[in-house]
Amino acid sequence: MLRVLLIGLTVFTVNAFCVTKAQSANLLNLDLAENHVDITTGFIGGSIVIFGTRKRDADDLIVIMEGPRHDVVVRQKKNVFGAWVNRESVTFSDAPLYYDYAISSENVLQTMEARAKENYRIGIENLLPRPKDKKESPDKVLPFQRAFIRERQSGGFYPEAGKPVAFLDENFFKVFLNVPANVPIGEYTVRALLVKNGKVIREKEKTLKIAQTGFSAGVYNFAKDHGLIYALICVFIAFLSGWLSNKITRRN
Amino acid sequence: MHIYLPIAEMTIEAETIFLLSAFVGFLSGIFGVGGGFLTTPFLIFTGIPPVVAVGTQASQLVASSVTGALGHFRRGNVDIKMGLVMLIGGILGTLVGIFIFKALQYTGQIDLAVSLLYITLLGIIGSLMLFESFSAFFKKKKKTVSKEFNTYRMSSFVHALPYKMRFPRSKLYISAFVPGGIGFISGILASVLGIGGGFILVPAMIYILGMPILLVAGTSLFQIIFTAASATILHASLNHTVDIILALVLIVGGVIGAQIGVVLARFVKGNYARMFLSVLIMLVCIRLGADLFMQPTDLFSTVVR
C-alpha cells in the first residue's frame, strides 16, 4: 500500500515537475506578424510587427532586431595638398547594417551588468564592429568603429534610445520597429530577452528576410546572375530609345 | 513619385531625376552637347553612389549618341572608316578604363578620381567657354565662318607615325594610331566618367586629325555609340553598376528635354545661352571642388563590401 502510494507520489511529482518545466519553457514566446518584408518598386519604408507573451509580468523584456551582416570598410580622409583624400582604412567583419531595439522599461538597462549588455548586444555602445585584422590596435580602431556607427545613424539606423514595448495586457506584448526605404536587403534576426533582476533568463530568436520582390527583385537577381545578358538588354533598350527619339525629332 | 532603384538599392524621387535629365537634355538640345558631363555630377549630388551614376550614365550616352548620329548619318556626315578605326581604340580604352575603375574602387580612391577628373574637365571647358563668350560679347564682331570642308594642317609629329591608312571620305592619309589613340582616350573617359567626351574628341579630331569640320560631329557620335555600349556592357557585367530603371528615367527625361530644347533653341540668343551654360559648368566645377577641398564634416566614410 505504502509502495503504491510512494509510486503514485513519484509519478505525481514527476508530472508536476514536467508541468513546471513546460510552464517555464513558456515564460517567453515570440513571433513576427510577417517573416519577410517585400521591397517593391514603390517601396517607401514600413514597419516590423513583433509580438509575444511573457508568463510573469514582473520580468522585463528587451527586443532586438539586427542584420544583415556584411564586411565593411571604413576609410579616413587626410589632407593631401589641400584636398581631402582617403588614406587609412579598417575593415570590419560581419557588422550588422541595421540595428534597432525596444525595452519594456528604462531601468532594465541600469539593472544589467555591463558584461551582459555587451554579450547580448544591447544598446549602441555595445555594437562596436570587430576588425577583420585582429592585430589592429584598439586605440587606432576605435575612431573607425565610432565612425561606422555614426554613418549608420545618419542613414536612420542604430538609434540611441530603445523603442517602447507595448503591452496589450500584463503578458501580451507588441513591438513596432521601423524599416526605412533605404533598408539593406538580407537576413535579419529578431531576439527577445527576458530579464529578471538584471539577468537574462530566457532568449527567443526568429529570423526575418528583407528582400526585393516582384519587378525590382527580378531586375536585381537577373543583373547579378546573368550580367552579360542584362548588359546587352540595357544597351538594346538604349539603342531602341535613341532610335525612337530620332524618329520623334524627324516627325517634328 | 518614389521609385526604388534595384541596382542602386535605394529609393529616389523620380521627378527629381526626370527634371534633371530633362534639363540636361534641354541644354543638349540647345547647344548640341551630350551633357553627360553634367548629368553624372548632378546624380552624385542627389545621393546616387558615384559608381552607379557613372555606369548608368554610360547607357544613357548610348541612347543620346544614337539619336545624334542617326541625324548626321542621314545627311551623310559620317566617315565610317575613320569611326571604325577610332572605335577599335575606343573599345580598348573602355577595357583599360574599367580596370582603372576597379582598381580605384578597390583602393577607395574612385570618388576622388571621378571628382578630380570632373573638376579638371569642367574647369577647362567652363573657363574656355566663358572666356570665348565674354570676348565675343565685348567685340560684337561676327566670327568668320569656317568653310565646311576646311581642314587644319597637322603637325609633323603626327605625319611621322607608322601604319598610315587612307580615309577617302575625309580625304586624309594618316597613321591609324592617331584616330585609334583619340578613340582610346574617349574609351577611358566613357568607362571611368560615363561621358562621351565630345568636348575633347571634337577639337582633337579637328586639330590633330585634321578632319573636315562637317564630318567631325557625326563621326565622333558614331564612335561614341559603340564605345559607350562597350562601357555599359563592362560596367553591367563586371561591376553591376548599371541601373536600368535609373537609365530609363534618364533617357526618357533626356529625350523630352532635348525636344523642348530644340524648339526653344530658335528663341535663345546664342551668346547669352553659351554664357549661361559656361556659368553653370563653372558652378558644378566649384561645387565639386568645394566638396574635395573643404574639410568634410566627417572625415570617415563607410563602404559595404
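Letters A, B, ... are given to chains in the order of the sequence lines, protein chains preceding strands, and every chain is numbered from 1.
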Looking at B/L299, B/L292, B/L112, B/D291, which one forms a side chain to side chain contact (heavy atoms under 4.5 Å, CB included) with A/W84?
-> B/L299

With rounding to the nearest 0.5 Å, note down the distance linking CD1 in A/I44 to CD1 in B/I3.
-> 13.5 Å

Could you look at A/R150 and say if it's the side chain, the backbone, both or neither that has a heavy atom under 4.5 Å from chain B?
-> side chain

Flag yes if more than 12 heavy atoms outside B/F73 fall under 6.0 Å of its CZ atom; otherwise flag no.
-> no

Work out which heavy atom in A/V74 is nearest to a heavy atom in B/F300; give both atom names and the distance.
-> CG1-CD2, 4.0 Å

Which one of A/L228, A/V85, A/N86, A/N79 has the most heavy-atom pairs closer than 4.5 Å to chain B?
-> A/N86

Portion of B/M294 that has a non-hydrogen atom of chain A nearer than 4.5 angstrom | backbone

What do you reckon, is CZ of B/R74 surrounded by more than 12 foreign heavy atoms closer than 6.0 Å?
-> yes

Residue by residue, scan residues 179-192 of chain A and write down, ordered by number, those that have a heavy-atom distance under 4.5 Å to chain B; if none do, write 'none'.
-> A/A181, A/I185

Closest non-hydrogen atom pair, A/K77 against B/P296 = CD-CG, 4.0 Å

Applying side chain to side chain contact (heavy atoms under 4.5 Å, CB included) between A/C234 and each of B/I233, B/T56, B/T232, report the one that passes.
-> B/T232

Ordered numerically, the heavy-atom neighbours of chain B under 4.5 Å found in residues 207-221 of chain A are A/Q212, A/F215, A/S216, A/V219, A/Y220

Rounded to the nearest 0.5 Å, the NE2 atom of A/H226 sits from the OG atom of B/S237 at a distance of 13.5 Å

Taking all non-hydrogen atoms of both residues, which atom of A/R75 and which atom of B/V303 are closest, and how far apart?
-> NH1-CG2, 3.6 Å

Pairs of heavy atoms under 4.5 Å with chain A: top-ranked of B/A236, B/A63, B/A58 | B/A63

Can you check whether B/V62 reaches A/F236 side chain to side chain, under 4.5 Å on heavy atoms?
-> no

Pair count under 4.5 Å, heavy atoms only, with chain A: among B/G289, B/G108, B/S65, highest is B/G108

Spacing of NE2 belonging to B/H240 relative to CG belonging to A/D225, to within rounding of 0.5 Å | 8.5 Å

Part of B/I256 within contact of chain A (heavy atom distance under 4.5 Å) = neither

Picking from A/A231, A/A223, A/S241, which has the most non-hydrogen pairs under 4.5 angstrom with chain B?
-> A/A231

Any side-chain heavy atom of A/N246 sitting closer than 4.5 Å to one from B/V66?
-> no

Checking heavy-atom separations under 4.5 Å from chain B, one finds in residues 124-143 of chain A A/P143

Per-residue contacts, residues 217-230 of chain B versus chain A, heavy atoms under 4.5 Å = B/I225, B/F226, B/A229

Nearest heavy-atom approach of B/F293 to A/G82 is CD2-O, 3.1 Å

Using non-hydrogen atoms and a 4.5 Å limit, figure out which bit of B/L248 sits close to chain A: side chain, backbone, both or neither.
-> side chain

What part of B/H2 gets closer than 4.5 Å to chain A, counting heavy atoms only: side chain, backbone, both or neither?
-> both

Can you find a heavy atom in the side chain of A/W243 that is under 4.5 Å from one in the side chain of B/T67?
-> no

Under a 4.5 Å heavy-atom cutoff, which of B/L116, B/D111, B/D243, B/D298 has the most pairs with chain A?
-> B/D298

Greatest number of heavy atom pairs closer than 4.5 Å to chain B - which of A/L232, A/I39, A/L97, A/I233 = A/I39

Should the heavy atoms of other residues, nucleotides or ligands under 6.0 Å from NZ of A/K174 be counted, would the total exceed 12?
-> no

For A/T91, is it the side chain, the backbone, both, or neither that has a heavy atom closer than 4.5 Å to a heavy atom of chain B?
-> neither

Hey, does A/V73 have a side-chain heavy atom less than 4.5 Å from the side chain of B/T302?
-> no

Given a strict heavy-atom distance threshold of 4.5 Å, which part of A/K78 is in contact with chain B: side chain, backbone, both, or neither?
-> neither

